[in-house]
Amino acid sequence: MPTVLIKNAAVLVTMDALRREIKDGAIFARDGVIELVGRTSDLPKTADEIIDATDQIVLPGLINTHHHLVQTMTRAVPGAQDAPLFGWLQALYPIWSRLTPEHVRTAVTTGLAELMLSGCTTSSDHLYLYPNGSRLDDEIQSATEIGIRFTATRGSMSIGQSKGGLPPDILTEPEEAILRDCERVVAHFHDHKRHSMLQVALAPCSPFSVSRELMRDTALMARSKGVRLHTHLAENKEDIDYSLAKFGMRPGDYVEQLGWVGRDVWHAHCVELDTAEIALFGHTGTGIAHCPCSNMRLGSGIAPIGAMRAQGVPVGLGVDGSASNDSGHLLGEARQAMLLQRVLHGAGAMSARQALELATRGGAEVLGRDDIGHLAEGMSADLALFHLDGIAMAGADWDPVAALVFCGPHAARGVIVGGRVVVRDGRLTTIDLSRALERQRRLTHVLIDG
């Protein structure tokens with residue numbers, strides 16, 4: 001079985017139960033699973049792959065809990081740049097209706113490459129658009145090729161404008177077809193085993209684009225198949241107003257009524273949850289993907305992360321769509337999460353290490369995984385390495401771990417997923433990035449120009 005040794009780390013940030021930070025740290029892994037964590041002098045001296053992490057910080061691989069990778073094709077689109085959520089969607093729906101399977105595969109490759117170069121080793125994606133023959137299979141193909149650990153969520157929209165929903169009818173699907181395809185992708189792709197590289201969750205897009213019946217039936221199917229549930233919820237005040245007008249209740253009451261709370265559920269955004277809804281999510285263990293950059297970009301507000309964590313709500317980070325962020329840098333997301341809480345509650349509201357915890361342990365909990373998110377014996381060998389010698393770290397020698405969040409931007413020097421080196425010396429090893437970007441540029445112009 002192949003072995004890998006990472007040695008001589010200036011600081012090894014374990015994020016383990018004791019939150020140990022080990023100077024001159026090292027990790028030894030076999031067949032993609034960590035066997036030993038400690039000081040370099042205490043670990044084996046040989047391995048099939050040896051990585052010298054001198055002058056580098058080693059972190060658990062970062063975890064992205066919410067994204068829309070196809071949006072990498074539609075960044076900074078005129079007409080959507082200054083709109084709130086509903087207007088932003090309405091400006092982009094016509095463009096997205098022209099997506100093809102090739103667009104999906106290419107956008108997913110580019111978006112995942114960007115994440116990996118920021119130190120991300122696990123990503124979820126919420127794909128709810130399937131025009132022109134596109135399928136969830138298309139993004140799974142790209143994720144498998146690039147080598148990231150992946151949770152593909154089979155999203156859906158069934159209520160178009162003719163039925164009082166927000167999306168155009170052309171982007172919706174019949175609910176019977178949605179449920180059939182959900183069953184297919186779970187059977188074909190979901191790997192429930194520990195250290196799995198690919199899992200599937202079921203993810204109706206939002207309460208304003210699917211019916212009550214589809215929300216309910218999707219939850220029943222997910223639990224019968226043993227997979228997780230995901231959707232958008234309480235993203236801004238428009239979202240709350242829609243819920244009150246359409247359903248006569250707040251979003252928290254709506255999802256509780258339909259079975260959408262519990263440790264197998266995570267919701268994106270949740271900017272406008274009230275005190276009772278936060279308490280509901282806390283005692284049921286319902287997770288939240290916090291997307292601070294996207295929430296700022298769309299003017300949605302600041303999610304009450306401090307109150308959520310105080311109530312025991314699982315919270316991870318999501319970069320969200322590349323058309324609403326418009327970036328895919330997970331350390332940057334951790335920085336914004338920290339700064340936004342300080343805007344609300346003062347300089348002591350969130351520390352750099354608490355922000356890193358959201359990006360690691362928090363993300364693992366939200367995705368329901370006990371094999372990633374920290375570095376310890378028996379965990380997946382998912383790591384990110386950041387060098388200390390760049391200009392972003394100059395003058396931060398006394399606490400380089402905090403500097404990863406306070407300073408930046410940072411690019412990962414190395415990234416390892418399941419013991420496999422996927423970024424070496426700041427370059428992807430699994431794909432030709434220059435060719436992928438050329439293809440992205442070509443297809444983006446085809447999409448935008450119609």
Side-chain angles (χ1 to χ4, degrees), residues 15 19 59-60 62-67 85 120 122-124 126 230-237 239-240 250-252 255 261 263 265-321 324-325 327 329-368 373-374 401-402 404-406 408:
M15 282 291 169
R19 306 301 192 270
L59 295 176
L62 306 180
I63 299 169
N64 178 36
T65 63
H66 184 67
H67 209 324
L85 175 63
C120 180
T122 298
S123 184
S124 170
H126 191 183
H230 182 51
T231 193
H232 298 89
L233 196 74
E235 188 167 350
N236 66 4
K237 288 184 171 60
D239 207 338
I240 303 298
R250 287 186 56 87
V255 293
V261 294
R263 295 198 174 276
V265 182
W266 85 104
H267 297 280
H269 302 294
C270 295
V271 171
E272 291 292 336
L273 291 188
D274 66 14
T275 302
E277 290 165 325
I278 292 171
L280 169 67
F281 280 31
H283 79 250
T284 58
T286 305
I288 289 172
H290 176 42
C291 307
C293 289
S294 177
N295 293 342
M296 288 188 290
R297 156 77 155 78
L298 295 173
S300 297
I302 305 174
I305 300 303
M308 293 173 180
R309 285 166 59 84
Q311 290 289 330
V313 178
V315 180
L317 294 180
V319 300
D320 199 18
S324 67
N325 186 310
S327 176
H329 196 292
L330 208 48
L331 266 182
E333 211 69 37
R335 183 175 190 266
Q336 293 295 357
M338 177 187 74
L339 297 180
L340 272 184
Q341 293 309 300
R342 292 175 176 219
V343 168
L344 273 183
H345 302 298
M350 181 178 287
S351 71
R353 285 170 172 80
Q354 287 171 331
L356 283 177
E357 186 168 322
L358 292 181
T360 53
R361 293 184 69 100
E365 185 179 9
V366 165
L367 294 183
H374 67 276
V401 177
L404 280 176
V405 180
F406 278 107

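For the numbers below, each heavy atom of this structure counts, side chains included, while hydrogens, waters and symmetry mates do not. Model, not experiment: these values are computed from the prediction.
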Quiz item: Within a strict 4.5 Å, meaning less than it, do heavy atoms of the S351 and M338 side chains meet?
Solution: no
Practice problem: For the pair V255 and V261, evaluate side-chain contact (heavy atoms from CB on, under 4.5 Å) and give the outcome as yes or no after the intermediate values. | Solution: CA-CA 7 Å; V255 293; V261 294; 4.2 Å; yes
Quiz prompt | Atom pair CE (M350) and CD (E357), whose distance is rounded to the nearest 0.5 Å | solution = 9.5 Å
Quiz item: Which of parallel (below 30°), tilted (30 to 60°) and perpendicular (above 60°) describes H232 and H66?
Solution: perpendicular
Exercise. Write down the atom of A234, the atom of D239, and the distance for their closest heavy-atom approach.
Key: N-OD2, 3.4 Å
Self-check item: M308 vs L273 side-chain heavy atoms within contact, under 4.5 Å
Solution: yes
Quiz item: So do the side chains of L59 and T360 get within less than 4.5 Å of each other, counting heavy atoms only?
Solution: no
Quiz item: Would you say the side chain of L356 lies within less than 4.5 Å of the side chain of R361, judging by non-hydrogen atoms?
Solution: no
Practice problem: Drop me the distance from I305's CD1 to L317's CG, to the nearest 0.5 angstrom. | Solution: 8.0 Å
Quiz prompt | Over all atoms of both residues, closest heavy-atom pair of V265 and H267 | solution = CG1-NE2, 3.5 Å
Quiz item: Would you say the side-chain atoms of E333 pair up with the backbone N or O of C293, donor to acceptor, closer than 3.5 Å?
Solution: yes
Exercise. Scan for side chain to side chain donor-acceptor pair (under 3.5 Å) pairs involving residues 291-311, sequence neighbours excluded, and state none if there are none.
Key: H269-N295, S294-D320, S294-S324, R297-D326
Exercise. Check H230 against W266 and note the closest heavy-atom contact, atom names and distance.
Key: ND1-O, 2.7 Å
Quiz item: Is there side-chain contact between L367 and T65, with heavy atoms separated by less than 4.5 Å?
Solution: yes
Quiz item: If every non-hydrogen atom of I278 is compared with every non-hydrogen atom of A307, which pair is closest and at what distance?
Solution: CG2-O, 3.8 Å
Practice problem: Specify the closest pair of heavy atoms between F406 and R342, including all atoms of both residues, with the distance to one decimal. | Solution: CZ-NH2, 3.6 Å
Exercise. Kindly compute the distance separating SG (C270) from CD1 (I288), expressed to the nearest 0.5 Å.
Key: 4.0 Å
Exercise. Any chance you could measure R353, atom CZ, to L358, atom CG, to the nearest 0.5 Å?
Key: 14.5 Å
Quiz item: Is the shortest side-chain N to carboxylate O distance from R250 to E272 below 4.0 Å?
Solution: no
Quiz item: How many angstroms lie between CG in D274 and CD1 in I240, if you round to the nearest 0.5 Å?
Solution: 8.0 Å
Quiz item: How close do N64 and S123 get, heavy atom to heavy atom, and via which atoms?
Solution: ND2-OG, 3.0 Å
Practice problem: Using a 4.5 Å cut-off on heavy atoms from C-beta on, say whether the side chain of L331 contacts that of L404. | Solution: yes
Quiz item: When rounded to the nearest 0.5 angstrom, what is the spacing between CD1 in I302 and CG in L340?
Solution: 5.0 Å
